[in-house]
Amino acid sequence: PKGVAISHGNAVAFLHWALATFSAEELKGTLAATSLNFDLSVFELFAPLSSGGAVVVARNALHLAELPTASHVTLVNTVPSAMAQLLRLGAVPPSVRVINLAGEALPETLAKQVYAVPTVQKLFNLYGPSEDTTYSTASLVGRDEVPLIGRPLPATRAYVLDASLQPVPVGVAGELYLAGEGQARGYLLRPELTAERFVPEPYGPPGGRMYRTGDRVRYRVDGRLEYLGRIDFQVKVRGFRIELGEIEAALGLHPDVAEATVVVRGQGVDKQLVGYVVAKPERTLDAA
């Protein structure tokens with residue numbers, strides 16, 4: 001519902017990391033199955049083209065199962081729920097060597113299922129909001145390893161802070177703040193929201209800003225970040241950020257509704273939003 005103003009410089013900094021992390025052979029045939037309005041598309045389009053590779057276009061990630069050019073795909077970049085469905089269908093082509101998963105928490109069980117595909121050599125768990133240009137941290141997940149969101153990208157600074165914006169010790173949970181070359185200019189035509197989420201950076205260069213992610217994390221002793229969940233009521237369903245309060249408010253506009261609440265049910269690709277409503281006195285709600 002809100003536009004994030006990304007600069008060319010943000011994208012270039014991100015691509016420097018991508019080209020240093022993935023070889024031209026790995027990017028040779030990158031699946032592009034994400035809407036241009038979604039930040040994953042920055043990687044899917046520009047990383048392969050910047051390395052002399054090809055972009056293999058599909059309607060969506062699940063279309064890989066019937067894509068005529070599936071045998072050209074060497075790298076798949078998608079959300080965990082979509083990958084779970086592809087694995088269920090046996091639709092990961094033998095040409096795929098690298099799988100990038102982002103946009104949702106990566107369960108350990110899914111990581112093991114990915115590595116059960118004999119031709120997959122690398123699995124990356126990538127984290128980052130659009131406000132910090134696609135990815136902010138990265139982790140090459142080892143076989144039989146609990147997935148973490150890893151370390152900040154070279155051009156990114158990651159702070160774990162308490163409610164007073166003070167750094168918390170290693171192992172203690174706090175809110176993740178991001179700064180650096182990937183940080184967006186703000187929200188398009190939303191100055192109040194920009195000021196709320198992009199706050200002064202007390203630990204970086206003078207005049208710097210940091211983005212308040214709303215995500216709870218903690219630093220491990222080895223310097224890697226562990227994702228713990230949200231600090232608010234935002235949820236993710238198939239990679240899309242959803243504010244439950246906005247849906248509850250919409251349900252409350254119905255003239256017969258006194259109270260409403262919305263929750264997420266199910267896991268992975270089977271996640272769905274379920275709303276519960278209470279009728280006003282002497283009113284009834286038609287289930288149809």
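Computed from a prediction, not measured in an experiment: that's the story for all the values here.
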Please write out which residues are connected to Leu165 in a hydrophobic cluster, directly or through intermediates, given that two of Ile, Leu, Val, Met, Phe, Trp, Tyr count as joined at side-chain heavy-atom separations below 4.5 angstrom.
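Leu165 clusters with Tyr159, Leu161, Tyr177, Val199, Tyr203, Met210.
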Heavy-atom side-chain proximity of [X] to [Y] below 4.5 angstrom:
X      : Y      : value
Ile149 : Val217 : yes
Asn125 : Pro147 : yes
Arg265 : Val263 : yes
Leu36  : Leu45  : yes
Thr137 : Thr156 : no
Leu75  : Asn100 : yes
Leu31  : Leu64  : yes

When rounded to the nearest 0.5 angstrom, what is the spacing between [atom1] in [X] and [atom2] in [Y]?
X      : Y      : atom1 : atom2 : value
Thr78  : Leu62  : OG1   : CG    : 7.5 Å
Arg197 : Arg190 : CZ    : CZ    : 12.0 Å
Tyr219 : Leu176 : OH    : CG    : 7.5 Å
Leu273 : Ile242 : CG    : CD1   : 4.5 Å
Asp215 : Leu228 : CG    : CG    : 9.5 Å
Asp132 : Glu181 : CG    : CD    : 10.5 Å

Check the pair Leu178, Thr213 against side chain to side chain contact (heavy atoms under 4.5 Å, CB included), reporting the backbone distance first and the verdict last.
CA-CA 7 Å; Leu178 299 167; Thr213 67; 3.7 Å; yes
For the side chain of [X] and the backbone of [Y], is there at least one donor-acceptor N/O pair under 3.5 Å apart?
X      : Y      : answer
Ser51  : Ala24  : no
Asp162 : Val168 : no
Tyr115 : Leu123 : yes
Gln183 : Arg209 : yes
Glu44  : Ala33  : yes
Thr134 : Asp39  : yes
Thr21  : Ala18  : no
Glu248 : Val262 : yes
Thr133 : Ala11  : no
Glu66  : His63  : no

Quick one: side chain to side chain contact (heavy atoms under 4.5 Å, CB included) partners of Leu188, sequence neighbours excluded?
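Per chain and number, Leu188 pairs via side chain to side chain contact (heavy atoms under 4.5 Å, CB included) with no residue.
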Side chain to side chain contact (heavy atoms under 4.5 Å, CB included) involving Leu140 - partner list, sequence neighbours excluded:
Lys122, Phe124
Would you mind checking if [Y] and [X] are paired as a salt bridge, meaning a charged N to carboxylate O distance below 4.0 Å?
X      : Y      : answer
Arg97  : Glu26  : no
Glu201 : Arg157 : yes
Arg212 : Glu175 : yes

Is there a chain of hydrophobic side chains (I, L, V, M, F, W, Y, each step under 4.5 Å between heavy atoms) that links [X] to [Y]?
X      : Y      : answer
Val141 : Leu148 : no
Leu126 : Tyr227 : no
Phe22  : Leu49  : yes

Is the Trp17 ring parallel, tilted or perpendicular to the Phe43 ring (thresholds 30°, 60°)?
tilted
More than 12 heavy atoms of other residues, nucleotides or ligands under 6.0 Å from CZ of Arg143: is that the case?
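Counting other residues, nucleotides and ligands, CZ of Arg143 exceeds 12 neighbours.
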Take atom CZ of Arg224 as the centre, draw a 6.0 Å sphere, and report whether it contains more than 12 heavy atoms from other residues, nucleotides or ligands.
yes
Centroid separation under 6.0 Å, is that true for the rings of Tyr135 and Tyr127?
no
Mind checking whether Tyr187 and Phe198 have ring centres under 6.0 Å apart?
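Judged by ring-centre distance (under 6.0 Å), Tyr187 and Phe198 do meet the cut-off.
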